[in-house]
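The structure appears below as structure tokens.
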Number of protein chains: 2
Amino acid sequence: MAASTRFCVAVHILASLALQRGKPVASEEIAASVGTNPAVVRRLLSDLASAGLTQSQLGKGGGAMLAKAPKKISLLEIYRAMDEPAIVAPPRSMPNQTCLVGRNVQPALRRVTEAAEAAFFATLAGASLKQIVKDIKADSMAA
Amino acid sequence: MAASTRFCVAVHILASLALQRGKPVASEEIAASVGTNPAVVRRLLSDLASAGLTQSQLGKGGGAMLAKAPKKISLLEIYRAMDEPAIVAPPRSMPNQTCLVGRNVQPALRRVTEAAEAAFFATLAGASLKQIVKDIKADSMAA
DNA sequence: TATTTATGTAATCAGTCCTATTACGGTTTG
DNA sequence: CAAACCGTAATAGGACTGATTACATAAATA
């Protein structure tokens, strides 16, 4: 699978914005930190803005800014904004419905996987962008 | 992303074996229940055998069987046997190491994502193949 | 022993998704 | 009006999935 790296990059972007405290940051500047193309950053920023996490200022001197305080942005919100697919992907072809197992395995399994995904999300919900920013600063102190 | 469906299919396969109570089941028969190609089933079975969850009998009248009791097979073991990639994929290109954020975001983020993945795995570890089989039977009763 | 049935594995192919890149229209500042 | 910047679409290269075919090997059986 070519797994999506969007979530990690989105966190990187938001952390960069948080460290600028309201000053608009150009997509080109962010892209230089992430190590990717400005258009990629703008595309992610577009999704983050739709989710209400950022806002952009057009025109000269413009750029992206946080729309909420870092403390109020949970990692789950960021994850959701990326519209990632389910962690556990169901089979592509329909199982044989005339078979006892084929008819019932996937619903039975889904009950467990949904609980597991919920546990995953709950952990992300418990961490905020502020914590990430704090960790970034702490790492810089230690070095 | 073309997410992997291997885990769900593997559970389907193992549930089919569990319901046969030790009688070897041919890959063709399993494939008919799953709705896929026998070679796909054999490939998954190969991974499951490597993980010690199944064993195969070659030759005429052969097929696959469980190597352990359903009660002793957790969904986490099955998931691990599929060798799925990490749930949260790190960026492909290295962030700019001369930048405070670029240097430190990913390690900081990883601490949280590892905790989230651990929560996901813990839930899978708490469920066994036996439960799935029981649910399958229960569903058939209800219908 | 020859035949039949099955597994194990490799090779290939089409389809899908991801990221990078280019391009261009629209917006705001100066 | 010119410059800087965003928003979005289109395209291309790479990577991974699952389906399929093929074939060597192993075990049961007549």
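Throughout, protein chains are lettered first and strands after them, A, B, ... in sequence-line order, and every chain is numbered starting at 1.
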Could you state the [atom1]-[atom2] distance from [X] to [N], rounded to the nearest angstrom?
X     : N      : atom1 : atom2 : value
A:Q55 : C:dT27 : CD    : C1'   : 16 Å
B:D47 : D:dG18 : CG    : C1'   : 14 Å
B:E28 : D:dA19 : CD    : P     : 15 Å
A:I30 : C:dA20 : CD1   : P     : 15 Å
B:L44 : C:dT9  : CG    : C1'   : 14 Å
B:F7  : D:dT17 : CZ    : C1'   : 18 Å
A:E29 : D:dA4  : CD    : P     : 15 Å
B:E84 : D:dT17 : CD    : C1'   : 11 Å

I want to check something: taking the side chain as every heavy atom from C-beta on, are A:T54 and A:M65 in contact at a cut-off of under 4.5 Å?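 No. Closest side-chain heavy atoms not under 4.5 Å.
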**Q.** Any B:V25 side-chain heavy atom under 4.5 Å of B:S16 side chain
**A.**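 Not in contact.
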For [N], does either OP1 or OP2 sit under 4.0 Å from a side-chain N or O belonging to [X]?
X     : N      : result
A:S46 : D:dG7  : no
B:S56 : C:dA6  : no
B:S27 : C:dA6  : no
A:R92 : C:dG15 : no
A:T36 : C:dT19 : no
B:S4  : D:dT17 : no

| said: If the threshold is 4.0 Å, N to carboxylate O, is there a salt bridge linking A:K72 and A:E77? | reply: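 Looking at A:E77 together with A:K72, the answer is no, because their closest N to O distance does not fall below 4.0 Å.
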Which atom pairs, one a donor and one an acceptor, fall under 3.5 Å between side chains of residues 34-50 of chain A and the rest of the protein, sequence neighbours left out?
residue : atom : partner : partner atom : Å
A:N37   : OD1  : A:A39   : N            : 3.0
A:R42   : NH1  : A:S27   : OG           : 3.1
A:S50   : OG   : A:S46   : O            : 3.1

With sugar-phosphate taken as primed atoms, P, OP1 and OP2 and all else as base, the protein-contact string of nucleotides 21-30 of chain D at under 4.0 Å (heavy atoms; B, S, -) is BB---BBSS-
- request: Would you please indicate yes or no on a ring centroid separation below 6.0 angstrom for B:F120 and B:Y79?
  value: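 Between B:Y79 and B:F120, the centre distance is under 6.0 Å.
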Of the non-hydrogen atoms in B:G102 and B:Q97, which two are nearest, and what is the gap between them?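 Nearest heavy atoms, B:G102 then B:Q97: O-NE2, 3.7 Å.
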Between the main-chain N or O of B:Q55 and the side-chain N or O of B:Q57, is there a donor-acceptor pair closer than 3.5 Å?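 Not a single qualifying donor-acceptor pair exists.
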